[in-house]
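Single-structure report; data block below.
In the text below, chain A, chain B and the rest are named by the order of the sequence lines, each starting its count at 1. This is a predicted model, so every value here is computed, not measured.
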There are 2 protein chains.
Amino acid sequence: MMHHLLTYLRSLASLSDESWQLLQPALKRKHVAKNELLLKEGAVCQSLYFIEKGYCRSYHLADGLEKNTGFFFENDMATNISSFGSGLPSEYFIAAGEPLEVIVFDKQLLQEAGKKAPEIETAGRCCIRLFAAKQEAFSNLFRLYTAKERLAAIEERYPFMLQRVPLTQLASFLGVARETLSRIRSRRVL
Amino acid sequence: MMHHLLTYLRSLASLSDESWQLLQPALKRKHVAKNELLLKEGAVCQSLYFIEKGYCRSYHLADGLEKNTGFFFENDMATNISSFGSGLPSEYFIAAGEPLEVIVFDKQLLQEAGKKAPEIETAGRCCIRLFAAKQEAFSNLFRLYTAKERLAAIEERYPFMLQRVPLTQLASFLGVARETLSRIRSRRVL
DNA sequence: GGCATTTTGTGATAATTGTCACACCATTTT
DNA sequence: AAAATGGTGTGACAATTATCACAAAATGCC
């Protein structure tokens, strides 16, 4: 039960069986159909999502166009960290890109669990630290590399992303037009 | 004494006078001259830096060129969150852009303080959450906006940045050539 | 299978940006 | 005062990318 999550958390911090039990009330399994929303723009993010199967993406709506800003796969934590932390409305959506199996962390119940077991607090801190490090790495792709190099970097570090994410969605994530990404990709093969 | 830091921490989480006292052993004031390094590429980041006065920047060295990836001002926490968390060597430098007054958090001593006072753990988690939210916001600038719009966004949210950071340094942070940034800026005035 | 919808590829052209070269200005050094 | 240094503006041209238009391919649905 919740096997992957336990492994994930124990890779980040020590977590006794007791702490793990104290965490259970804050957790809930959920299935989400493809294209269904985990978080709406304007809503306050009240949950963390641990992804067991499938992937989801965060996107902004601008001029009716979806601009993808993040992708989250198996063993990732997905959330709007800003809204979750501040209690302010989310500026973007999070939607399932494939049929999703997630474990939902409820914010209130998680706080209570954290008070009972400091190990949970520590594990939470490690999760956020990972999240921050990942954001930083993606952010730096834009400052250090050209569009072509960004694609190569993604291909090297997250090859499954190119397999599973439609090119149209990947384009805005890499900060280029769909057509440009298509051309970069075709030139690469030659 | 450490007045700004206390205000900052209390804006993030409740922190009793007792917890604050328990935190003291982990803190140390430090002056850093302009252009001096807080963190070298290849070194493991062992500290968090709370900035009381001045600013610092993180930069990668590629082909002998400095590419700026982050700027940190008064009441910001600066660190290599990835290296600090994982214990792996830093891939970039952090240097003072102005004469700096910082409060150094020592990693080991901070951990010990956190064990004694859970409030410190919680405040630490809030710091990292802010850090992550900021990284995400900067990262999204590239996906949502053109170079011109990115400059406008910085001007609106961080006007002091344009005053204090040399254009040459700002350019790589915005992901454009120095000349391009110079032209964007001059076109804006017309 | 056949039809509708979604996704991807490609050509043509305009707009933006990078690169190289050099001028200008302010400050510091000798 | 002359020279060196660091930061910035600008012209010219090449390279890259965005945009629009449409074709081809893949996918889902009846």
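- With B:Phe84 as the aromatic partner, B:Lys107 meets the cation-pi criteria of under 6.0 angstrom to the ring centre and within 45 degrees of the ring axis.
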Could you go step by step and tell me if B:Phe173 and B:Phe71 meet the ring-ring contact (aromatic ring centres under 6.0 Å, His included) rule?
CA-CA 9 Å; B:Phe173 181 71; B:Phe71 289 93; 5.2 Å; yes
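- B:Lys148 places its NZ atom 12 Å from the C1' atom of C:dT17, with the value rounded to the nearest Å.
- For B:Phe50 and B:Phe105, the distance between ring centers is not under 6.0 angstrom.
- Atom P of nucleotide D:dG6 and atom CG of B:Leu170 are separated by 20 Å, given to the nearest angstrom.
- Nucleotide D:dT16 holds its C1' atom 16 Å from the CZ atom of A:Phe142, rounded to whole Å.
- A sub-4.0 Å separation between OP1 or OP2 of C:dT8 and a side-chain N or O of A:Thr168 is present.
- Residue A:Gln169 contributes atom CD, which lies 8 Å from atom P of C:dT7 at whole-angstrom precision.
- For A:Glu179 and C:dT7, the CD to P distance is 14 Å, given to the nearest whole Å.
- Relative to the side chain of B:Thr180, the nucleotides C:dT17, C:dC20, D:dA18 differ in distance, and C:dT17 lies closest.
- Residue B:Asp63 contributes atom CG, which lies 15 Å from atom C1' of C:dG18 at whole-angstrom precision.
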Output, in order, the C-alpha distance, side-chain angles, deciding distance and verdict of ring-ring contact (aromatic ring centres under 6.0 Å, His included) for A:Tyr158 and A:Phe138.
CA-CA 12 Å; A:Tyr158 312 96; A:Phe138 275 119; 5.4 Å; yes
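- Of the candidates D:dT8, D:dA21, D:dT19, the closest approach to any side-chain atom of B:Arg178 belongs to D:dT8.
- Side-chain proximity of A:Pro166 to the nucleotides D:dT8, C:dG18, C:dT8 is greatest for C:dT8.
- In this entry the distance linking NZ of A:Lys34 with P of C:dT6 reads 12 Å, nearest Å.
- Put simply, the residue from A:Arg164, A:Lys34, A:Lys53 that forms a salt bridge (charged side-chain N to carboxylate O under 4.0 Å, His left out) with A:Glu98 is A:Arg164.
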All N/O pairs under 3.5 Å across the protein-nucleotides 12-15 of chain D interface:
unit_1	atom_1	unit_2	atom_2	d
D:dA12	N6	B:Arg183	NH2	3.3

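- For B:Ser90 (side chain) and B:Ser83 (main-chain N/O), no donor-acceptor pair under 3.5 Å exists by modelled atom type.
- For the pair B:Pro99/B:His31, a side-chain contact is recorded, criterion being any heavy-atom separation below 4.5 Å from C-beta on.
- When the nearest nucleotides of DNA chain D are assigned to A:Ala177 and B:Leu181 by heavy-atom distance, the more 5′-ward of the two goes with B:Leu181.
- Closest to the side chain of A:Val176, from the set D:dC20, D:dA18, C:dG9, is D:dA18.
- When each of D:dA18, D:dT10, D:dT17 is scored by its nearest atom to the side-chain atoms of A:Ala147, the top-ranked nucleotide is D:dT17.
- We find that CG of A:Leu151 is positioned 13 Å from P of C:dT8, with the value rounded to whole Å.
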